[in-house]
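Have a look at the structure below before the remarks.
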Amino acid sequence: MKIAIEGCAHGELERIYNTIEGIENEQKIKIDLLLCCGDFQSTRNLKDLQTMAVPKKYLDICTFYKYYSGELVAPVLTIFIGGNHEASNYLQELPYGGWVAPNIYYLGYAGVVQVNGLRIAGISGIYKGHDFLRGHHEFPPYTESTCRSVYHVRQLEVFRLKQLSGKVDIFMSHDWPTGIYEYGNKEHLLKRKPFFADDMETGKLGSVPLEELLKAVRPEYWFAAHLHCKFAALVPHQPKPTSCSSSSSSDSDGDDDDVRDMPSTPKSPVTTTKFLALDKCLPRRGFLQVLDLPSNPIEGKPHLEYDPEWLSILLTTNHLISVKENYYYLPGKKAGELTERFNFTPTPEELAIIHEKFSSLRIPENFQMTSKAYDPLEQSNYKHMYIEQPTPQLNPQCNEFCALLGIDDPLCLALLANGKQLPSMMAFEKEEENQEQSMNEELEETKSDSIVTPSKRKLNLNLPAPTAGDNNEKDTETANVDKNVIDLPDEPDKDEDVQDVSVVDKPKDEAAPAVLGSPKQFKRRNQSIYQNEDND
Ligand code: 5GP
Ligand code: MN
């Protein structure tokens with residue numbers, strides 16, 4: 001499979017695709033896959049642009065919106081991770097990954113997918129120690145502080161990636177692993193970037209968790225960006241003792257000598273990781289590299305599939321999600337005592353559960369617009385306009401995935417934990433035509449005072465089981481709760497009878513599950529049912 005790797009995209013998608021086309025014509029080859037290592041800037045519109053952490057004068061809508069609106073179509077399957085310049089509100093809609101435009105797939109906070117058998121893992125964001133131990137507490141509209149912390153790497157994603165066993169072909173990160181420059185031509189790097197010297201000396205150049213992941217996951221290739229220069233390195237790995245060689249440590253301190261308590265797939269011996277960092281997309285800069293890697297044969301389009309191990313890890317570590325701002329700790333060895341499970345490398349039984357849940361591992365092509373696209377004819381003078389930040393938006397792709405796997409959407413949890421209303425999850429295109437219909441339905445519901453029971457929700461929130469109401473309809477899979485993890489809001493005001501928390505009912509059209517039905521109202525008292533349980 002011919003893969004093009006891009007450093008920082010910085011919103012220049014059209015230029016990148018044109019470059020790829022040029023390479024294809026010049027070399028008489030077909031590029032099957034494009035990997036982008038962050039600073040992707042998937043801004044659909046001017047509101048998205050306000051969520052990007054960059055000085056105002058640099059805010060530029062660039063070209064992603066054309067691929068989002070359908071004006072242009074991405075000519076090659078594109079997979080990307082997030083960096084530190086992103087439409088954070090849009091990426092937060094897809095915490096476990098999803099299509100941001102047709103043929104353009106975001107890997108999520110962290111993710112693992114397979115493209116024709118090639119296993120690709122990645123992690124979004126950059127590392128800042130002061131945010132690493134926090135939960136995913138951010139949501140739009142962002143404050144000065146949360147518009148930055150939202151893209152800071154969290155321990156949970158690192159922990160999850162460390163559970164992988166088996167061979168990972170490609171790992172994608174935005175920043176570099178610390179110490180990586182020791183395995184390449186450091187002198188040449190310092191000649192081009194002399195200002196890296198101080199950070200190298202103090203160990204501050206790059207990301208510590210990425211160095212841990214490099215040692216733990218041992219991928220065949222590692223691609224990165226962020227430091228805006230091309231740099232290659234070969235990282236040798238020490239052989240691991242066979243008794244505990246199949247996975248890395250489960251704790252976040254990089255210690256990898258944990259005794260394993262369950263069988264798993266042995267890791268294929270990757271003795272060296274080939275590291276390549278690329279520049280940002282600018283003329284005469286090393287921003288694109290084409291590699292030819294062995295894969296399953298490609299007939300027509302490449303096949304994008306979920307990775308069963310990753311799905312299992314997402315499921316078995318769902319209780320470890322936190323949406324609190326304060327620091328919390330993940331399970332590990334504490335003073336030699338094992339108090340709870342800390343190794344989540346899937347067992348054969350756990351993998352079988354994934355295959356039961358997913359009859360096909362093919363990632364559905366279920367992109368839908370969830371917000372209006374930028375209109376260059378009406379909005380071209382936007383640099384002189386005041387534009388508000390967006391409000392939170394839920395994405396049907398995430399909803400469908402969470403419901404199928406039985407896990408929680410951290411954005412929903414963060415909103416609920418902060419006493420916010422859950423927004424509608426309708427696709428943008430359907431919004432207007434459904435508006436009238438849903439208003440009628442809301443009226444009907446208010447009249448009949450019917451209660452929407454939690455079991456009818458498409459949202460698979462990991463909230464406590466209701467203490468009252470229709471227990472027969474209780475969804476047992478969603479009933480497991482770690483009270484330490486979810487911070488529920490205080491009892492909302494009683495004076496409003498109905499809180500407009502839109503909870504999506506079953507799809508009206510079962511044949512097209514991605515198009516969700518009209519939102520229902522979730523009664524305030526249903527929220528208090530949850531709260532009561534939490535106090536028990
Ligand atoms: P961005 O495009 O993400 O805003 O910024 C990337 C730029 O910041 C690059 O030019 C890179 O050289 C610089 N940079 C990023 N991280 C570091 C770091 O840890 N140390 C130094 N000296 N420069 C950095
Ligand atoms: Mn960057």
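The first residue of the sequence shown is numbered 1, and numbering continues consecutively from there.
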Next item on the list: May I ask you to decide if the ring planes of Tyr96 and Phe401 are parallel, tilted or perpendicular, using 30° and 60° as cut-offs?
Entry: tilted
Item checked: Reported CZ-to-CD1 distance for the pair Arg154 and Ile123, which is rounded to 0.5 angstrom -> 11.0 Å
Margin query: Under 3.5 Å, is there a donor on one side chain and an acceptor on the other for Trp222 and Ser173?
Written below: yes
Item checked: Distance-only polar pair, side chains of Gln393 and Ser371, donor-acceptor under 3.5 Å -> no
Next item on the list: Return yes if some donor-acceptor pair links the side-chain N/O of Asn318 with the main-chain N/O of Ile407 below 3.5 Å, else return no.
Entry: no
Notebook entry, point to check: Which value, rounded to the nearest 0.5 Å, describes the distance between Glu12 atom CD and Cys36 atom SG?
Noted result: 12.0 Å
Note to self: Using a strict threshold of under 4.0 Å (side-chain N to carboxylate O), is an ion pair present between Arg134 and Asp131?
What the structure shows: yes
Margin query: For the residue pair Arg44 and Tyr65, would you count it as a cation-pi contact if the rule is NZ or CZ under 6.0 angstrom from the ring centre and within 45 degrees of the ring axis?
Written below: no
Notebook entry, point to check: Asn366 side chain to Gln397 main-chain N or O, any donor-acceptor pair under 3.5 Å?
Noted result: no
Item checked: Under 3.5 Å donor-acceptor, Thr202 side chain and Asp198 backbone -> yes
Next item on the list: Please say whether more than 12 non-hydrogen atoms of neighbouring residues, nucleotides or ligands are located less than 6.0 Å from NZ in Lys204.
Entry: no
Next item on the list: Salt-bridge test for Lys2 and Asp292: reply yes if a basic N is under 4.0 Å from a carboxylate O, no otherwise.
Entry: yes
Notebook entry, point to check: Does any N or O in the side chain of Tyr382 come within less than 3.5 Å of the main-chain N or O of Asn45, such that one atom is a donor and the other an acceptor?
Noted result: no
Check: How about His136 and Glu325: does a side-chain donor come under 3.5 Å of a side-chain acceptor?
Finding: no
Note to self: Using the ring centroid of each side chain, check whether Tyr106 and Phe40 are separated by less than 6.0 Å.
What the structure shows: no
Note to self: For Tyr105 and Phe80, I'd like to know if the aromatic rings sit close, meaning centre-to-centre distance below 6.0 Å.
What the structure shows: no
Item checked: Thr273 side chain to Tyr221 backbone, donor-acceptor under 3.5 Å -> no
Notebook entry, point to check: Under the side chain to side chain contact (heavy atoms under 4.5 Å, CB included) criterion, do Glu138 and Arg148 qualify, and how do the steps go?
Noted result: CA-CA 10 Å; Glu138 301 88 351; Arg148 292 178 188 281; over 6 Å; no
Margin query: Could you check, using the six-membered ring where one of them is a Trp, whether Phe132 and Tyr127 have ring centers closer than 6.0 angstrom?
Written below: yes
Check: Does CZ belonging to Phe195 count more than 12 external heavy atoms closer than 6.0 Å?
Finding: yes
Checklist line | Spatial distance of atom OG (Ser124) from atom CD (Glu86) [nearest 0.5 Å] | finding: 7.5 Å
Check: Do Asp409 and Asn399 have side-chain atoms, one donor and one acceptor, less than 3.5 Å apart?
Finding: no
Item checked: Modelled atom types, side-chain donor and acceptor of Ser149 and Thr146, under 3.5 Å -> no
Note to self: What I want to find out is whether Lys301 reaches Glu365 closely enough, with some N-O distance under 4.0 Å, to be called a salt bridge.
What the structure shows: yes
Note to self: Would the distance check show the side chain of Gln50 and the main-chain N or O of Leu46 forming a donor-acceptor pair, the cut-off being under 3.5 Å?
What the structure shows: yes
Note to self: Given 3.5 Å as the limit, does a donor-acceptor pair link the side chain of Asp39 with the main chain of Asn84, or not?
What the structure shows: yes
